[in-house]
Novice: 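For reference, the structure I am asking about is given below.
These values consider heavy atoms only, across backbone and side chains, with no hydrogens, waters or symmetry-generated copies.
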Amino acid sequence: MPGLEFIDKEELNEIKDIFNNGGVLFRQGFENLRKNTFKVLEFEKKFSQFMSTKHSLAVSSGTAALRVALATLNLKKTDVVITQSFTFVATVEAIIESGAKPMCTEIDETLNMDPNDLEKKITKNTKAVIVVHMLGVPARLDRIKKICNKYNIPIIEDTAWGCGGKYNNKYLGTIGNMGTFSFDFAKTLTTGEGGMITFKNKKDFDKAKAWHDHGHDNNPKVPRWEDTRSSSGFNFRMTELQGAVGLAQLKKLKKIISLQRKNAKLIWNELKDLHGLKIRVSPSNSFETFDSLIITLKDKKKAISCRKELLKVNISTKILPEATTWHFAKYWNHMPELSSSYKKSLKVSFPKSEKILLKCVSIPINCKMEKNVPIIIKNSIKRVLKLD
Ligand SMILES: *Cc1c(COP(=O)(O)O)cnc(C)c1O
C-alpha cells in the first residue's frame with residue numbers, strides 16, 4: 001500500500017495553498033479569484049516532465065482515463081477492442097462504455113497479455129489493444145508493438161498498476177499511443193480517486209481534453225459559456241483538490257518505487273531457495289515497480305492454503321488468490337457484451353490463463369515494512385510447502 005502510506009503534511013499544504021489563494025476548486029477559469037493557482041494544470045505538467053512525455057490529461061479516475069482514451073478512437077458497435085484476461089473489470093467496462101465489443105486474450109507467465117494469442121485474436125474489426133501492466137510488471141511490449149504496427153492498431157497501456165515502472169528504459173504508459181493511470185486509494189500514487197492519460201500525439205490529447213469536458217474546445221477567442229464545440233463529450237474532469245494531492249504524491253514516486261523494489265528483494269531473498277516455489281516471470285529490460293511480489297505454487301489448493309497461513313500471521317495477499325473473480329475474465333458472465341464475443345462460456349475460454357493464474361499468490365509490498373516480515377512470510381510458506 002504505497003501512496004497511501006505517505007499521505008502527510010505535503011498533501012495538506014498543497015490543499016491549503018488552494019484555500020489561501022481564493023479557494024477555486026475548478027481546474028480552469030476564475031482567473032481573478034485564484035491568484036494564478038492551478039493545481040490540476042501543474043500536476044499535468046509535472047507528470048509529463050516526470051514521464052518524459054509531452055501531453056498529459058488528468059481525469060476523475062483510472063476507469064475514466066480508459067474511457068476518455070477510447071473516445072479519441074471514434075469506435076462503432078462492430079469495432080473490437082482487445083485486452084487481456086487478467087486485469088481489473090474496469091478495463092472491460094471502459095470498452096463496453098465506449099460502444100465497442102470487448103475481447104480478452106490469454107496471459108502468459110508474465111501474467112500479462114500473451115502476444116501469440118493476441119495475434120490469433122486480431123481481425124479486421126480490431127480497432128485498439130489495451131495492454132495492462134498488471135501489478136507492476138511490464139507486458140511484453142516489444143512483441144505486442146510489432147504485432148500492432150503490422151496491423152496498424154493503436155495501443156493503450158493500462159498503467160493503473162505500473163506507475164513508475166519502465167520497459168527498455170522508458171516509463172510505462174509512454175510507449176504505446178496512450179497510457180492510462182489510476183490514482184485510486186490502492187494504487188502507487190493516490191489522490192483518493194483520480195487518473196491520468198499520457199499521449200504520443202497532440203491531436204489525441206486535444207480530442208481527449210475536449211471530450212472529458214463536454215466537448216469544450218477551450219477556444220481562447222470566446223468566454224467559456226460561448227465556447228465552440230467539435231463533438232459531444234462527458235464530464236470526467238479532475239478537481240483542484242485531487243490535483244493538489246497528486247502534486248505532492250508525484251514528488252514521492254521515486255522513493256515509493258525504490259522502497260518497494262528493496263522490500264520485495266528482501267522478501268524474495270528469503271523465499272528463493274524454497275523448493276516448489278517460483279517467482280513471476282518478467283520480460284527482459286523490465287524495471288518493475290514491485291507493487292506486489294507474485295509467487296507460483298504447485299496448484300490452486302496450495303495457493304489457497306498459502307493465503308490462509310499468511311493471514312494467520314497478519315499478512316494479507318492482494319488479488320491472488322482471493323479476488324480473482326474481480327480480476328479474471330473467466331468469471332465475468334455478468335457482462336454479456338464480453339461473453340457474447342466467445343463461442344463457448346467464459347468459464348472455459350481461458351484455459352492457459354487459468355492454469356497459470358490460479359496457482360499464484362500475490363504478496364503486497366509495503367514501503368514501511370517491519371524488519372521481521374520476510375522471515376515471517378518464509379516460515380508461513382514453508383508450512384504450506386510441507387502440507388500435502
Ligand atoms: C484500478 C484499476 C483501474 C481503474 O482505476 P480506478 O481509478 O479505480 O477507476 C483500471 N485498470 C486496472 C488494471 C486497475 O487496476
Novice: Is the Phe350 to Phe86 ring centre distance short of 6.0 Å?
Specialist: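 Between Phe350 and Phe86, the centre distance exceeds or equals 6.0 Å.
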Novice: Applying side-chain hydrogen bond (donor to acceptor under 3.5 Å, both in side chains) between Lys39 and each of Glu240, Gln242, Glu14, report the one that passes.
Specialist: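 That would be Glu14; it is the only one of Glu240, Gln242, Glu14 passing the side-chain hydrogen bond (donor to acceptor under 3.5 Å, both in side chains) with Lys39.
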Novice: Within 45° of the six-membered ring axis of Phe6 and under 6.0 Å from that ring's centre, is NZ or CZ of Lys368 located there?
Specialist: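 Here Lys368 passes the 6.0 Å and 45° test against Phe6.
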Novice: Please report the C-alpha distance between Ile95 and Leu70 in whole Å, then the side-chain angles of each, then the deciding distance to 0.1 Å, and finally whether the side-chain contact (heavy atoms from CB on, under 4.5 Å) criterion is met.
Specialist: CA-CA 7 Å; Ile95 298 169; Leu70 288 168; 4.1 Å; yes
Novice: Under 3.5 Å, is there a donor-acceptor pair linking the side chains of Ser282 and Ser286?
Specialist: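 The criterion, which ignores hydrogens and geometry beyond distance, is not satisfied for Ser286 and Ser282.
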Novice: Find out if a path of hydrophobic residues (ILVMFWY) with successive side-chain heavy-atom gaps under 4.5 Å connects Val92 to Leu118.
Specialist: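 Hydrophobic grouping puts Val92 with Leu118.
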Novice: Are Met178 and Met113 joined in one hydrophobic group, where the rule is that I, L, V, M, F, W and Y side chains link up if heavy atoms are under 4.5 Å apart?
Specialist: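 The answer is no; the residues belong to distinct hydrophobic clusters.
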Novice: Under 4.5 Å between side-chain heavy atoms, counting indirect links through other Ile/Leu/Val/Met/Phe/Trp/Tyr residues: same cluster for Val384 and Ile304 or not?
Specialist: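 Result: no, two separate clusters.
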Novice: Any side-chain heavy-atom pair from Lys187 and Phe181 closer than 4.5 angstrom?
Specialist: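 The answer is no; the side chains never approach within 4.5 Å.
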Novice: When you compare the side chain of Phe234 with that of Val68, does any pair of heavy atoms fall below 4.5 Å?
Specialist: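 A side-chain contact under 4.5 Å is absent here.
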Novice: Any link between Ile107 and Ile82 through a network of hydrophobic side chains (Ile, Leu, Val, Met, Phe, Trp, Tyr) touching at under 4.5 Å?
Specialist: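 The answer is yes; both residues are in one hydrophobic cluster.
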Novice: As a test of understanding, state which of Thr159, Ile257, Leu4 forms a side-chain contact (heavy atoms from CB on, under 4.5 Å) with Thr188.
Specialist: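 It is Ile257; the other options fail the test.
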Novice: Give every residue pair that meets the salt bridge (charged side-chain N to carboxylate O under 4.0 Å, His left out) criterion with at least one member in residues 206-228, sequence neighbours excluded.
Specialist: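 Listed by first then second residue: Lys202-Asp206, Asp213-Arg224, Asp213-Arg237.
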Novice: Hey, does Thr110 have a side-chain heavy atom less than 4.5 Å from the side chain of Pro283?
Specialist: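 In short, these two side chains touch, coming nearer than 4.5 Å.
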Novice: Got Ile375 and Glu270 here, is their nearest side-chain heavy-atom distance under 4.5 Å?
Specialist: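 Counting from C-beta outward, Ile375 and Glu270 do come under 4.5 Å.
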Novice: Whether the Glu322 and Thr317 side chains hold a donor-acceptor pair (N or O, under 3.5 Å, no angle test) is what I'd like checked.
Specialist: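 Checked: Glu322/Thr317 side chains pair up, N/O donor to acceptor below 3.5 Å.
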Novice: Would you say the side chain of Leu274 lies within less than 4.5 Å of the side chain of Lys382, judging by non-hydrogen atoms?
Specialist: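 Yes; the side chains approach each other to less than 4.5 Å.
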Novice: Walk me through whether Lys252 and Glu11 qualify under salt bridge (charged side-chain N to carboxylate O under 4.0 Å, His left out).
Specialist: CA-CA 11 Å; Lys252 302 174 183 181; Glu11 284 76 4; 2.9 Å; yes
Novice: With a 4.5 Å heavy-atom cut-off, do Pro138 and Glu288 have their side chains touching?
Specialist: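 A side-chain contact under 4.5 Å exists here.
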Novice: Determine whether Lys352 and Ile356 make a side-chain contact, defined as any pair of heavy atoms from C-beta on separated by less than 4.5 Å.
Specialist: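 Yes, side chains in contact.
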Novice: Could you go step by step and tell me if Thr126 and Lys121 meet the side-chain hydrogen bond (donor to acceptor under 3.5 Å, both in side chains) rule?
Specialist: CA-CA 9 Å; Thr126 309; Lys121 288 197 160 104; over 6 Å; no
Novice: Going by heavy atoms in the side chains, are Ile279 and Leu271 under 4.5 Å from each other?
Specialist: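 Ile279 does not reach Leu271 side chain to side chain.
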Novice: Are Trp211 and Ile96 linked, directly or through other ILVMFWY residues, by side chains that come within less than 4.5 angstrom of each other?
Specialist: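 Different hydrophobic clusters.
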Novice: With Arg140, which of Asn112, Asn116, Asp108, Asp114 fulfils side-chain hydrogen bond (donor to acceptor under 3.5 Å, both in side chains)?
Specialist: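 Among Asn112, Asn116, Asp108, Asp114, the one that satisfies the side-chain hydrogen bond (donor to acceptor under 3.5 Å, both in side chains) with Arg140 is Asp108.
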Novice: Determine whether Lys150 and Glu119 satisfy the following criterion, salt bridge (charged side-chain N to carboxylate O under 4.0 Å, His left out), listing intermediate values before the conclusion.
Specialist: CA-CA 10 Å; Lys150 182 166 145 194; Glu119 189 149 24; 2.8 Å; yes
Novice: What is the distance from atom NE2 of His133 to atom SG of Cys163, rounded to the nearest 0.5 Å?
Specialist: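 Separation between the atoms: 11.0 Å.
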Novice: Any ion pair linking Lys330 and Glu354 (charged N to carboxylate O, less than 4.0 Å)?
Specialist: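 Result for this pair is yes, salt bridge flagged.
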Novice: Can you see whether Ser85 engages Glu106 through a side-chain donor-acceptor pair at a distance of less than 3.5 angstrom?
Specialist: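 No - no donor-acceptor pair under 3.5 Å links their side chains.
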Novice: Distance check, rounded to the nearest 0.5 Å: Leu247 atom CG versus Glu44 atom CD?
Specialist: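 It comes to 10.0 Å.
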Novice: Roughly how far, to the nearest 0.5 Å, is CD of Gln260 from OG1 of Thr289?
Specialist: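 The distance works out to 5.5 Å.
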Novice: Is Arg261 close enough and on-axis enough to Phe287, meaning under 6.0 Å and within 45°, for cation-pi?
Specialist: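 Output yes; distance and angle both within limits.
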Novice: Within this structure, what is the CG-CG distance for the pair Leu75 and Asn125, rounded to the nearest 0.5 Å?
Specialist: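 Going from the CG atom of Leu75 to the CG atom of Asn125 covers 11.5 Å.
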Novice: Please evaluate residues Arg383 and Glu309 with respect to the criterion salt bridge (charged side-chain N to carboxylate O under 4.0 Å, His left out), reporting the C-alpha separation (whole Å), side-chain torsions for both, the decisive distance (0.1 Å), and the verdict.
Specialist: CA-CA 8 Å; Arg383 281 196 292 279; Glu309 283 298 319; 2.9 Å; yes
Novice: What is the distance from atom CZ of Arg307 to atom CG of Leu297, rounded to the nearest 0.5 Å?
Specialist: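 The distance works out to 14.0 Å.
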